[in-house]
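Data block below; observations after.
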2 protein chains.
Amino acid sequence: MAGNSQLTVAAHALTWIELHHRREGGVATSERIAGSVNTNPVVIRRLLGRMRDAGLVRSRRGAEAGWVLARPLEDMTLRDVYESIEPAPLFAVHRSDPNLDCPIGFGIRPVMRLAYARVEEAVRAELENITLADVLRDVLASSHPTELEH
Amino acid sequence: MAGNSQLTVAAHALTWIELHHRREGGVATSERIAGSVNTNPVVIRRLLGRMRDAGLVRSRRGAEAGWVLARPLEDMTLRDVYESIEPAPLFAVHRSDPNLDCPIGFGIRPVMRLAYARVEEAVRAELENITLADVLRDVLASSHPTELEH
DNA sequence: ATCCGATGTAACTATTATGGTTACTTTGAA
DNA sequence: TTCAAAGTAACCATAATAGTTACATCGGAT
């Protein structure tokens, strides 16, 4: 994959759970969510499992099993979601050690790591400006031909 | 690879070219640069080729061939380098289309694309604050045991 | 107490991106 | 004319992620 689509799928799942709750009530199952995302239910369960560990959703097992939001979408930002799924770093230093006998090879890694830490924080700060309620509102604002299913 | 290391290798190559120019003069070859980065010369030529297309470096062929900076490192930011190597997007929407009969599936992609465009711009704005001269200065500031080679 | 639909999770395969390698052509100043 | 290095195509290796299958576990409803 070119970029990382996990944040997209996570936002999709969370807003789907909320819309399902509004329209039909009750818990959302990984199978229904996967039907909307167009992926395998296990992919959804893995992703929601990490969000549950971070306190964003709760799961129930046994009969009437499924997923519910742990708090309103207004109180959940894309930063919360991003951090809950613990994505790989956006930038990396050399995959194999550079030549440490060269001043550049010796000193460049910590310098670049510091730069990348600043960039990652800028990413998180930007994601913090967007709540999942914003996402759901903008999604529903786009005209939809039927809106029969979800 | 977890993250993208191309920006690291690009910064390494550019600062190496400058240091080589200061110490030995003349052009830098992809083979010498690759020796410091610890990779294959072709990897370096591919990367510097894209930076040449963006006007950051110049290459010479034939005898006395090699690479030189097109402008001082003071006038080159990590944003310039990042954009010259045209990296893949940091975030992506679903790899396969979501269910378009669902309001979420129908509307979420443009919403997330807009969010990701904001994030990418935040990344570039942060990278713009760091020049390659800053990188070289910080690299050389780290104590190095011998500094015999580079 | 039993049922049964959904979670939880391991293990595997498929796909894709990237880096690394080989081999070869082209260049152009000495 | 030489020759060291750029330029580049084509291929292989590695790693990350998504997708899939299979199955144990759970726990409210009946």
Side-chain angles (χ1 to χ4, degrees), chain A residues 1-10 12-13 16-17 20 26-53 57-68 70 85-98, chain B residues 1-10 12-13 17 20 26-53 57-68 70 82 85-98:
Chain A
M1 186 182 44
N4 195 332
S5 67
Q6 288 187 41
L7 185 56
T8 300
V9 175
H12 190 146
W16 195 95
I17 292 170
H20 177 75
V27 296
T29 67
S30 63
E31 188 169 356
R32 294 283 311 275
I33 300 169
S36 174
V37 172
N38 188 20
T39 187
N40 193 291
V42 174
V43 173
I44 300 299
R45 291 204 288 272
R46 281 200 290 236
L47 202 52
L48 285 172
R50 281 186 283 169
M51 290 194 265
R52 180 197 53 230
D53 296 342
V57 297
R58 279 194 286 267
S59 64
R60 283 171 49 189
R61 304 185 65 171
E64 289 294 301
W67 304 83
V68 293
I85 61 185
E86 294 176 349
L90 297 174
F91 297 92
V93 295
H94 317 63
R95 58 163 55 178
S96 52
D97 288 356
Chain B
M1 188 181 42
N4 194 332
S5 67
Q6 288 187 41
L7 186 56
T8 300
V9 175
H12 189 144
I17 292 170
H20 177 75
V27 297
T29 67
S30 63
E31 188 169 357
R32 295 284 308 275
I33 300 169
S36 174
V37 173
N38 189 20
T39 185
N40 192 291
V42 175
V43 173
I44 300 299
R45 290 203 289 271
R46 281 199 290 236
L47 201 54
L48 285 173
R50 283 186 282 169
M51 290 194 265
R52 178 196 55 226
D53 295 343
V57 297
R58 278 194 287 267
S59 63
R60 282 170 51 187
R61 306 185 64 172
E64 287 295 300
W67 304 85
V68 293
Y82 181 68
I85 61 185
E86 294 175 349
L90 297 174
F91 296 94
V93 295
H94 318 63
R95 59 162 56 179
S96 51
D97 288 355

Between B/Ser96 and B/Arg46, which residue's closest nucleotide on DNA chain D lies nearer the 5′ terminus? B/Arg46
Has A/Ser59 got a side-chain N or O lying under 4.0 Å from the OP1 or OP2 atom of C/dG8? yes
A/Thr29 vs C/dA6: side-chain N/O to OP1/OP2 distance below 4.0 Å: no
Does a side-chain N or O of B/Thr39 approach OP1 or OP2 of C/dG20 to a distance below 4.0 Å, or not? yes
Provide the closest heavy-atom pair for A/Val27 versus A/Ala65 in the form atom of the first, atom of the second, distance. CG2-O, 3.1 Å
What is the nucleic acid contact for A/Gly49, judged by heavy atoms within less than 4.0 Å: base, sugar-phosphate only, or nothing? nothing
Return the CZ to CD distance between A/Arg45 and A/Glu31, rounded to the nearest 0.5 Å. 9.0 Å
Inter-residue atom distance A/Ser30.OG - A/Asn40.CG, 0.5 Å rounding: 8.5 Å
Taking only side-chain N and O atoms of A/Gln6, does any of them lie within less than 4.0 angstrom of OP1 or OP2 on D/dA18? yes
Give the nucleotide from the list D/dA5, C/dG20, D/dA18 with an atom nearest to the side chain of B/Glu31. D/dA5
Quick check on the 6.0 Å ring-centre criterion: do A/Trp16 and A/His12 meet it? no
Relative orientation of the end axes in the helix from C/dA1-D/dT30 to C/dA30-D/dT1, expressed as an angle to the nearest 10° (five pairs per end): 10°
Base, sugar-phosphate alone, or nothing: which one does B/Arg52 contact when heavy atoms must sit under 4.0 Å apart? sugar-phosphate
Footprint string (nucleotides 22-30 of chain C, 5' to 3'): B base within contact, S backbone only, - free, heavy atoms under 4.0 Å: BB--BBBB-
For A/Arg50, does the CZ atom have more than 12 heavy-atom neighbours from other residues, nucleotides or ligands under 6.0 Å away? yes
Between CD1 of A/Ile33 and P of C/dG8 the distance, given in whole Å, is 11 Å
